[in-house]
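All figures in this text were calculated on a predicted structure; none of them were measured in a lab. Computation of the quantities below employed the complete heavy-atom set of this structure, encompassing side-chain atoms and omitting hydrogens, waters and symmetry-equivalent molecules. Counting begins at 1 with the first residue of the sequence.
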Amino acid sequence: MATPARTPRLRAWMLEGLTDRPGQHAQTGTAHEGRPWWRVMCLTGLDYFSTLGYQPGIAALAAGLLSPLATIVLVVLTLFGALPVYRRVAEESPHGEGSIAMLERLLSFWKGKLFVLTLLGFAATDFLITITLSAADATAHLVENPHLTSTLHGHEVPITLLMIALLGAVFLKGFSEAIGVAVVLVATYLGLNVVVVAVGLWQVATEPHVVADWTQALTAEHGNPFMMIAIALVVFPKLALGLSGFETGVAVMPHVHGDPDDTGARPAGRIRGTKKLLTTAAVIMSVFLICSSFVTTLLIPADEFKAGGEANGRALAYLAHEHLGSAFGTVYDVSTILILWFAGSSAMAGLLNLMPRYLPRYGMAPHWARALRPMVIVFTLVAFLVTWLFDADVDAQGGAYATGVLVLITSAAVAVTIAAKRAGERGWTIGFGIISAVFVYTTAVNVVERPDGVKIGACFIAGIMALSLLSRLARVFELRVTHVELDDMAQRFVRDTANRTIRFIANEPDRRDKAEYRDKVEQIREDNDIPPGDDVLFVEVTVLDPSEFESGLKVRGEVLHDRYRVLTLESSTVPNALAALLLHVRDETGQRPHIYFEWTEGNPMANFLRFFLFGQGEVAPVTREVIRAAEPDRARRPHVHAG
């Protein structure tokens, strides 16, 4: 007897916070209560700062001896490119939707939806690879620890899967305390990195031959300084992982505490706090990137950075063990493992903020996708698949990660350029335009050098597109109206007919002259044997944006030719709008209204495709099906007639 009771409880727990209102997604616990900006910076810093675990090694592999110079170029692009762009994104999109919401407003209809789905594909690539790459690198630090290598070597994939599962379990439990955990982890990790970098710099300062050997090797390999700068400009796109924290930074904006007088439309305090978050994180990371690249390049033999080397994917950990001893190195490893493991939390938070905002609203995800816990399970399972496909290899996932990061930053740069142009800000338009060009170049170089990133991103995009279209097909007969609004005249029409049989005539407006309505009434009365004395109301639907899955229904009443009463509806589909009106009138009057149609001419499949894509088509049977799906009690359904 316990099993039947357990299932509803499990379902209620899984769907906790799920709202039946279209367009909203669930929120559980206190995750969305405001926190000081510096605490939220630690949440996004889990992703951003944790890249120190592998960024110096990637830079050394990509740029070799030029790694410090290429890193300086990256830092310049960070502080004078990405940072201004995302400070503007925070102003334009203060609710965590990021640049995707800005670009969504530029395009309408299906082309806008497809464009947003493409960007969501790259966002999914960025955030999911953040989860899998960070967990894989945490595993690498664990396995490469001298005390554990012999025991754990060869078990990288199971360990990484376990870390991802634990991260998913945190979100299933609830994420209200995650920011507090993030503060501890980030403070500890950055403090240990200060020690490692300081010792490295001291080592360089006390052994002058190290710098001399480096500069001599640079001159022998690349010639004059101008050639070095030119090569650094060419290779710096390979270091793009160092830009990974900006999209996450705006994704967690809803967590930032604002001012008491903040409004939903303009949360000035939240925007100001987010700008501080972005700037502080960028400055801290820039200092660490330059210093860590410098000391690791000068102090670690080049062969150690390669696959199989002790510094591969863990350059600073290598220095910690080499110069501070095994005990400190182990503490550093533990700190790195924890922050890399938990770095997936900021990415998971970004996914849970983005996907439920778009896909259910487009009708391209099941209703339960508005709840957090089912989405956590979905993302965790996808992360399992990615880890298995890449064999938990950090280097193999770097291309996909960099591609996702760069595409999102490039789209953000383009979005703010357009926003500045529309605002008439000529100086900012030129500045953001130059930044956009730099990021387009960086993205293009990265794609040419590492095409696997685009391939992986394309797989995510194709998956999202396919699942989205299948979901929309499966939900096509849902009642997709968020609310019904009748103006005063429309309400008067409904009240006047409430004490007798309510009859609507569905009409596709043409010339809207007197003859059109007269002929329509005569035809409908003849086809359906309506008594001559019975009143009828015309209903006409104007389709605004057929690509929208959910929309409100606005109903206006008017009298045409001093005789014919007409209700004009504005919605995204004709059948769903008519079904929503009939159900609303039934609920308001207590009567089951009648609606009369003509059969649509043409091929039924072609008419269905017209309905699916453009909101029109086989209106009569689809209206009846929407009503049937919305009202299970046959005795309470409005009457649908077709003749």
For [Y], does its backbone N or O pair with a side-chain atom of [X] as donor and acceptor, under 3.5 Å?
{"X": "T206", "Y": "Q203", "value": "yes"}
{"X": "W341", "Y": "M163", "value": "yes"}
{"X": "T125", "Y": "G404", "value": "no"}
{"X": "R270", "Y": "P94", "value": "yes"}
{"X": "T279", "Y": "K276", "value": "no"}

Find out whether [X] and [Y] are in side-chain contact, i.e. whether some heavy atom of one side chain is under 4.5 Å from a heavy atom of the other.
{"X": "L161", "Y": "W388", "value": "no"}
{"X": "F49", "Y": "N193", "value": "no"}
{"X": "M348", "Y": "F379", "value": "yes"}
{"X": "V170", "Y": "F342", "value": "yes"}
{"X": "E322", "Y": "E304", "value": "no"}
{"X": "V195", "Y": "Y332", "value": "no"}
{"X": "F328", "Y": "L192", "value": "yes"}
{"X": "L43", "Y": "L46", "value": "yes"}

To the nearest 0.5 angstrom, please state how far the [atom1] atom of [X] sits from the [atom2] atom of [Y].
{"X": "F305", "Y": "S67", "atom1": "CZ", "atom2": "OG", "result": "7.5 Å"}
{"X": "T78", "Y": "L83", "atom1": "OG1", "atom2": "CG", "result": "8.5 Å"}
{"X": "L277", "Y": "M253", "atom1": "CG", "atom2": "CE", "result": "9.0 Å"}
{"X": "L142", "Y": "L338", "atom1": "CG", "atom2": "CG", "result": "10.0 Å"}
{"X": "D259", "Y": "I271", "atom1": "CG", "atom2": "CD1", "result": "10.5 Å"}
{"X": "L52", "Y": "S292", "atom1": "CG", "atom2": "OG", "result": "5.5 Å"}

- Start with the C-alpha gap between I131 and L167, add the side-chain angles, then the distance that decides, and say whether side chain to side chain contact (heavy atoms under 4.5 Å, CB included) holds. CA-CA 9 Å; I131 295 172; L167 180 67; 3.9 Å; yes
- With a 6.0 Å cut-off on ring centres, are F246 and Y48 close enough?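 Yes, the ring of F246 comes within the 6.0 Å limit of the ring of Y48, centre to centre.
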- Task: Output, in order, the C-alpha distance, side-chain angles, deciding distance and verdict of side chain to side chain contact (heavy atoms under 4.5 Å, CB included) for T51 and M285.
- Result: CA-CA 9 Å; T51 58; M285 190 62 177; 2.8 Å; yes
- Task: Answer with yes or no whether the side chains of T139 and T160 bring together a donor and an acceptor at under 3.5 Å.
- Result: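 There is such a pair (donor and acceptor under 3.5 Å, judged by atom type) between the side chains of T160 and T139.
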- Message: Between T387 and T132, do the side chains contain a donor N or O and an acceptor N or O under 3.5 Å apart?
- Response: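 Result is no, nothing qualifies.
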Taking every non-hydrogen atom, the tightest pair across [X] and [Y]:
{"X": "I164", "Y": "F384", "value": "CG2-CE2, 3.7 Å"}
{"X": "V85", "Y": "V416", "value": "O-CG1, 3.6 Å"}
{"X": "A420", "Y": "F432", "value": "CB-CD1, 4.1 Å"}
{"X": "T380", "Y": "G168", "value": "OG1-CA, 3.8 Å"}
{"X": "A311", "Y": "I300", "value": "CB-CG2, 3.8 Å"}
{"X": "T71", "Y": "L289", "value": "CG2-O, 3.5 Å"}

- Apply side-chain hydrogen bond (donor to acceptor under 3.5 Å, both in side chains) to T188 and S335, showing your working. CA-CA 7 Å; T188 303; S335 173; 5.9 Å; no
- Task: May I have the step-by-step check of side chain to side chain contact (heavy atoms under 4.5 Å, CB included) for V75 and L79, ending in yes or no?
- Result: CA-CA 6 Å; V75 165; L79 297 178; 4.0 Å; yes
- Message: Please evaluate residues T296 and Y318 with respect to the criterion side chain to side chain contact (heavy atoms under 4.5 Å, CB included), reporting the C-alpha separation (whole Å), side-chain torsions for both, the decisive distance (0.1 Å), and the verdict.
- Response: CA-CA 9 Å; T296 54; Y318 176 92; over 6 Å; no
- Message: Quick test of your reading of the model: are D333 and R314 salt-bridged, counting only N-O distances below 4.0 Å?
- Response: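 A salt bridge links D333 with R314.
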- Task: Considering only NZ, NE, NH1 and NH2 on the basic side and carboxylate oxygens on the acidic side, decide whether R87 and E91 come within less than 4.0 Å.
- Result: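 Result for this pair is no, no salt bridge flagged.
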